[in-house]
Asker: 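I have a structure here, written as structure tokens, and I will follow up with some questions on it.
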Amino acid sequence: GDSVTQMEGPVTLSEEAFLTINCTYTATGYPSLFWYVQYPGEGLQLLLKATKADDKGSNKGFEATYRKETTSFHLEKGSVQVSDSAVYFCALSGNQFYFGTGTSLTVIP
Amino acid sequence: DTAVSQTPKYLVTQMGNDKSIKCEQNLGHDTMYWYKQDSKKFLKIMFSYNNKELIINETVPNRFSPKSPDKAHLNLHINSLELGDSAVYFCASSLGRFSGNTIYFGEGSWLTVV
């Protein structure tokens, strides 16, 4: 069946460091891929999405590219800020919606 | 305007009690969901309704019963609460049930059973 695997956390970075959170997927057919962010005490918000191979989703300096050949959708940001501290979820939409286990990111000044 | 709203946000109750969480969406979506998030942030889908019809009913205790009076509302009733029910419960909605539709989440209901 469909599934999503993302790198385990927690991840701790200094401000302005480069961020990568890995996400790989298994799916039949052609799913859409998402990254959601959950700030402390809040619900999940859509960060970015990509609906087909080679699409790049981007928002707030974050980006991820839908790579069919490597079945990946890694999240990247060139320079993180303290305000990016949150839990990040990779997700897949096929016949159902599947979420990864979440990666906690803490950015320290 | 809040797109997906759920009440209450915080709920502290004793074991054995019955409680309900209400959810409403004003996005005009056809599909609504209940998710449970545990202390490790793991998200588990519990139920999904499409146009008031139950389409996903994952393995959850019978003590949990969803109710959808119309496609804009999906409430969750929990009987005989147990300590292990303590979690954050998220309501969510999407335009439809098919691939590519974004899921929009409410802010969560923090349930603590003591």
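The chains referred to below are lettered A, B, ... by the order of the sequence lines, with proteins before strands, and numbering in each begins at 1.
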Asker: If you count every heavy atom of other residues, nucleotides or ligands that lies below 6.0 Å from B:Lys71 atom NZ, does the total exceed 12?
Answerer: yes
Asker: Taking the six-membered ring for Trp, is the centroid-to-centroid distance between A:Phe99 and B:Phe90 below 6.0 Å?
Answerer: no
Asker: Of all the residues in residues 61-88 of chain A, which have a heavy atom that comes within less than 4.5 Å of a heavy atom in chain B?
Answerer: A:Val87
Asker: Side chain, backbone, both or neither: which part of B:Lys9 has a heavy atom under 4.5 Å from chain A?
Answerer: side chain
Asker: Taking salt bridge (Lys or Arg N to Asp or Glu O under 4.0 Å) as the test, write out the residues that go with B:Lys36, two or more places apart.
Answerer: none
Asker: So what's closer than 4.5 Å to chain B heavy atoms on A:Tyr36: side chain, backbone, both or neither?
Answerer: side chain
Asker: Can you confirm whether B:Asn62 is buried at CG, in the sense that more than 12 heavy atoms of other residues, nucleotides or ligands lie under 6.0 Å from that atom?
Answerer: no
Asker: Given the rule in the side-chain contact (heavy atoms from CB on, under 4.5 Å) test, do B:His73 and B:Glu24 qualify, once you have shown the distances and angles that lead to the verdict?
Answerer: CA-CA 5 Å; B:His73 296 84; B:Glu24 175 182 7; 3.5 Å; yes
Asker: Heavy-atom cut-off 4.5 Å, strictly under: side chain, backbone, both or neither for B:Tyr33 against chain A?
Answerer: neither
Asker: Which answer fits B:Gln37, side chain, backbone, both or neither, if we ask what part of it has an atom under 4.5 Å from a heavy atom of chain A?
Answerer: side chain
Asker: May I ask you to test the A:Cys23-A:Val4 pair for a side-chain heavy-atom distance under 4.5 Å?
Answerer: yes
Asker: Given that the side chain runs from C-beta out, which part of B:Ile56 has a heavy atom under 4.5 Å from chain A: side chain, backbone, both or neither?
Answerer: side chain
Asker: Could you work out, with side chain to side chain donor-acceptor pair (under 3.5 Å) as the rule, every residue matching B:Thr13, not counting sequence neighbours?
Answerer: B:Asn17
Asker: Report which part of A:Phe97 has an atom under 4.5 Å of a heavy atom belonging to chain B: side chain, backbone, both, or neither.
Answerer: both
Asker: Return yes if some donor-acceptor pair links the side-chain N/O of A:Ser93 with the main-chain N/O of A:Ser32 below 3.5 Å, else return no.
Answerer: no
Asker: For chain B, which residues from residues 38-58 of chain A lie under 4.5 Å away (heavy-atom distances)?
Answerer: A:Gln38, A:Gly41, A:Glu42, A:Gly43, A:Leu44, A:Leu46, A:Lys49
